[in-house]
Structures are given as C-alpha cells and as structure tokens.
Novice: 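Have a look at this one.
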Amino acid sequence: MNLILMGAPGAGKGTQSEKISEKWGIPAISTGDILRAAIKAGTALGNTAKTYIDDGKLVPDEIVIGIIKEYLTSDACKNGFILDGFPRSIPQAEALAAMDVKIDAVLSIEVADEKIVERMSGRRVCTCGASYHVAFNPSKVEGVCDKCGAETYIRKDDAPETVIKRLETYHTQTEPLKAFYEAKGLLVTVEGQDEIADTTRLVFEALSQFSV
Ligand code: ADP
Ligand code: ZN
C-alpha cells in the first residue's frame, strides 16, 4: 500500500500516519520531520530549509523531491509507505509521478481554518515525531514525550502569524493537488474530528476499500 496523506498544517496528518503505520506495518515518511532533523543537525540542507519553514513558505521543490527520491528507493519502503507532507505542490506531484512508484490512494483530512488556528496554539511536538496538544491530546507528564521521554517543545512555525501564512500556502499551492489526484481517481477525503480516535476510525474505514 503506497499512500499519500494530505491536509492543512495541523489537520492531523502526522498523528494519523502514525496510526496507519502501526496498523499496516509500513513506514511513514514525513518531509517536515526530515527537514527539522536537518535543521537540528545544522546541515547545509537544514540551514536552507529553515529560512523557508520559519517564514511559512514551502521549501523549494528540488530539495524535497531529492529527499523523497532517496527514501522511496530505499529497502524500508519496498512493502509500502505513507507520505506525510509530500507532495505539497503540483511540480512535486509531477516529479513523484515520474518516479517508478505506484500510488494506491491519496487521503485528505479536511479541517476548517478556524479549527486549525485553535489547534496549533496548543501543539507540542517531540523530535521523535510525536505530537501533542495541551488540551486535546496532552502527554502523560507535561512537557515530556510519552514515546521517548525527551522534552517536548513548541515549533517555531506554530506562531499564530506563521500559521496564517502556512494556511495561505496550503490553499494556494497544496490544495490544487486534490483536483490533480481526484482526476486520477485516487482521492479519498475524511472530515477531521475533534477526537483523534474518531478521525482514526474514519481513516481506517476510508482506507478499507484498498487492498493492503
Ligand atoms: P505541517 O503539515 O503542520 O505544516 P510539516 O511538518 O509537514 O507541518 O511541515 C513543516 C514545514 O516544512 C512546511 O511549512 C514547509 O515549510 C516544509 N515542508 C514540509 N514538507 C514540504 C514539502 N513537501 N515541500 C516543501 N516544503 C515542505
Ligand atoms: Zn519523543
């Protein structure tokens, strides 16, 4: 099963891709996590990416396309994968189509902008990829990741003014991908719910029509 997860920033792509990954035993590849790891490591890639990310913009297509190519051709992806946060623009989708991988489904998690802004204000994340919300999905111990015990933190790009810009970026550059994949008969949409478990149920239902 080769799956693409779409949705606005904060729609719950990361959270749901983790659930799908556990259930189906296929890796989730998050371009956002990969870029943040590069920033943390202080690599040239990270330094370039940081200026775009902090400004709520997309990192240039060539960069993320290069990253994805490397991952998708690795052994870990041979039984399937979940792309979380890629593609995010038409040129990225075209580059993916030109790679030798078949996409089975594109799942879009729909959440209204007002809700997104509310969610992002309480988001806490961990370098291991885990994501929490102070009110809706708190870690067991405040400020400590349930999964790995590291300290959770607030993403710099979750600042309210940057969230507004990221939503704009999403609507102008990423949302057109829905029509792109709809035309290929691959698009499935799910309404993001207030409770994570409710969204997960809808996600599993929506994906049950595809062979695993
Ligand atoms: P979210 O989905 O909540 O915005 P991500 O962690 O997926 O968070 O992405 C964070 C940032 O990383 C994006 O705002 C963007 O700057 C950059 N990024 C991630 N994936 C891509 C991509 N496929 N193309 C360009 N930029 C990307
Ligand atoms: Zn962690």
Side-chain angles (χ1 to χ4, degrees), residues 5-22 27-60 63-64 67-68 70-71 76 81-86 88 109 111-171 173-174 192-200 203:
L5 266 193
M6 278 188 62
K13 297 185 295 291
T15 306
Q16 298 304 329
S17 73
E18 210 178 294
K19 309 278 181 199
I20 302 167
S21 172
E22 275 166 23
I29 302 159
S30 158
T31 40
D33 284 351
I34 294 166
L35 295 170
R36 276 185 293 278
I39 292 173
K40 197 166 175 233
T43 63
L45 163 70
N47 293 337
T48 307
K50 189 177 185 333
T51 56
Y52 295 94
I53 293 177
D54 288 352
D55 204 22
K57 293 180 180 149
L58 293 185
V59 172
I63 296 183
V64 286
I67 294 174
I68 284 297
E70 196 179 309
Y71 271 81
F81 56 78
I82 306 156
L83 288 176
D84 162 12
F86 183 95
R88 246 172 153 108
I109 304 174
V111 177
D113 286 7
E114 307 81 69
K115 210 123 241 150
I116 295 285
V117 173
E118 177 188 302
R119 283 189 188 182
M120 304 296 249
S121 64
R123 177 151 82 169
R124 298 292 183 274
V125 299
C126 177
T127 49
C128 78
S131 181
Y132 304 93
H133 187 284
V134 288
F136 310 136
N137 176 35
S139 54
K140 291 194 185 81
V141 179
E142 201 190 312
V144 180
C145 178
D146 293 348
K147 301 240 157 58
C148 75
E151 215 174 300
T152 60
Y153 64 95
I154 301 174
R155 270 170 51 174
K156 195 168 172 212
D157 60 340
D158 278 352
E161 61 279 13
T162 314
V163 169
I164 302 287
K165 282 209 214 163
R166 287 162 65 199
L167 278 170
E168 263 171 41
T169 304
Y170 173 74
H171 290 305
Q173 290 180 264
T174 309
Q193 306 293 308
D194 289 339
E195 294 290 333
I196 291 172
D198 291 337
T199 307
T200 305
V203 164

Novice: Step by step, would you call Arg124 with Arg155 a side-chain contact (heavy atoms from CB on, under 4.5 Å)?
Specialist: CA-CA 7 Å; Arg124 298 292 183 274; Arg155 270 170 51 174; over 6 Å; no
Novice: Is there a donor-acceptor pair closer than 3.5 Å between any side-chain N or O of Thr43 and the backbone N or O of Ile39?
Specialist: no
Novice: If we only count heavy atoms from C-beta on, is the Asp157 to Val163 side-chain gap below 4.5 Å?
Specialist: no
Novice: Sequence neighbours excluded, which residues qualify as ring-ring contact (aromatic ring centres under 6.0 Å, His included) partners of Tyr153?
Specialist: none
Novice: Calculate, to the nearest 0.5 Å, the distance between atoms CZ and CD1 belonging to Phe81 and Ile68 respectively.
Specialist: 8.5 Å
Novice: Nearest 0.5 Å please: distance from the OG1 atom of Thr15 over to the CG atom of Asp84.
Specialist: 9.0 Å
Novice: With rounding to the nearest 0.5 angstrom, report the NZ to CG distance, Lys140 to Asp146.
Specialist: 4.0 Å
Novice: Within the 4.5 Å heavy-atom criterion, are Val111 and Arg119 side-chain neighbours or not?
Specialist: yes
Novice: Apply side-chain contact (heavy atoms from CB on, under 4.5 Å) to Met6 and Thr174, showing your working.
Specialist: CA-CA 9 Å; Met6 278 188 62; Thr174 309; 4.1 Å; yes
Novice: Can you check whether Leu5 reaches Leu83 side chain to side chain, under 4.5 Å on heavy atoms?
Specialist: no
Novice: When you compare the side chain of Leu35 with that of Lys50, does any pair of heavy atoms fall below 4.5 Å?
Specialist: no
Novice: Is a donor on one side and an acceptor on the other found under 3.5 Å between the side chain of Ser139 and the backbone of Val144?
Specialist: yes
Novice: Which heavy atom of Phe86 sits nearest to which heavy atom of Thr31, and what is that distance?
Specialist: CB-CG2, 3.8 Å
Novice: Mind checking the CG-CD1 spacing from Asp113 to Ile164? Nearest 0.5 Å is all I need.
Specialist: 8.0 Å
Novice: Please evaluate residues Ile109 and Gln16 with respect to the criterion side-chain contact (heavy atoms from CB on, under 4.5 Å), reporting the C-alpha separation (whole Å), side-chain torsions for both, the decisive distance (0.1 Å), and the verdict.
Specialist: CA-CA 9 Å; Ile109 304 174; Gln16 298 304 329; 3.8 Å; yes
Novice: Under a 4.5 Å cut-off applied to non-hydrogen side-chain atoms, are Cys145 and Glu151 in contact?
Specialist: no
Novice: Go through Glu18 and Lys13 one step at a time and tell me if the salt bridge (charged side-chain N to carboxylate O under 4.0 Å, His left out) criterion holds.
Specialist: CA-CA 9 Å; Glu18 210 178 294; Lys13 297 185 295 291; over 6 Å; no
Novice: Do Val117 and Leu167 make a side-chain contact, defined as non-hydrogen atoms from C-beta onward lying under 4.5 Å apart?
Specialist: yes
Novice: Just do the side-chain contact (heavy atoms from CB on, under 4.5 Å) check on Val125 and Tyr132 with the steps written out, would you?
Specialist: CA-CA 6 Å; Val125 299; Tyr132 304 93; over 6 Å; no
Novice: Would a 4.5 Å heavy-atom cut-off, applied to side chains only, mark Ile82 and Ile29 as touching?
Specialist: no
Novice: Salt-bridged, Lys115 to Asp194, with N to O below 4.0 Å?
Specialist: yes
Novice: Is the backbone of Gly56 close enough, under 3.5 Å, to the side chain of Thr169 for a donor and an acceptor to pair up by distance?
Specialist: yes
Novice: Can you name the residues that form a side-chain contact (heavy atoms from CB on, under 4.5 Å) with Ala159, not counting sequence neighbours?
Specialist: Glu161, Thr162
Novice: Do Lys165 and Lys57 make a side-chain contact, defined as non-hydrogen atoms from C-beta onward lying under 4.5 Å apart?
Specialist: no
Novice: Donor-acceptor pair, Thr152 side chain versus Cys126 backbone, under 3.5 Å?
Specialist: no
Novice: Say you draw a straight line from CG of Asp158 to CZ of Arg123; how long is it, rounded to the nearest 0.5 Å?
Specialist: 4.0 Å
Novice: Of the options Thr51, Ile53, Ile67, which is the one that meets Val59 in a side-chain contact (heavy atoms from CB on, under 4.5 Å)?
Specialist: Ile53
Novice: Nearest 0.5 angstrom please: Asp33 CG to Thr127 OG1, how far?
Specialist: 9.5 Å
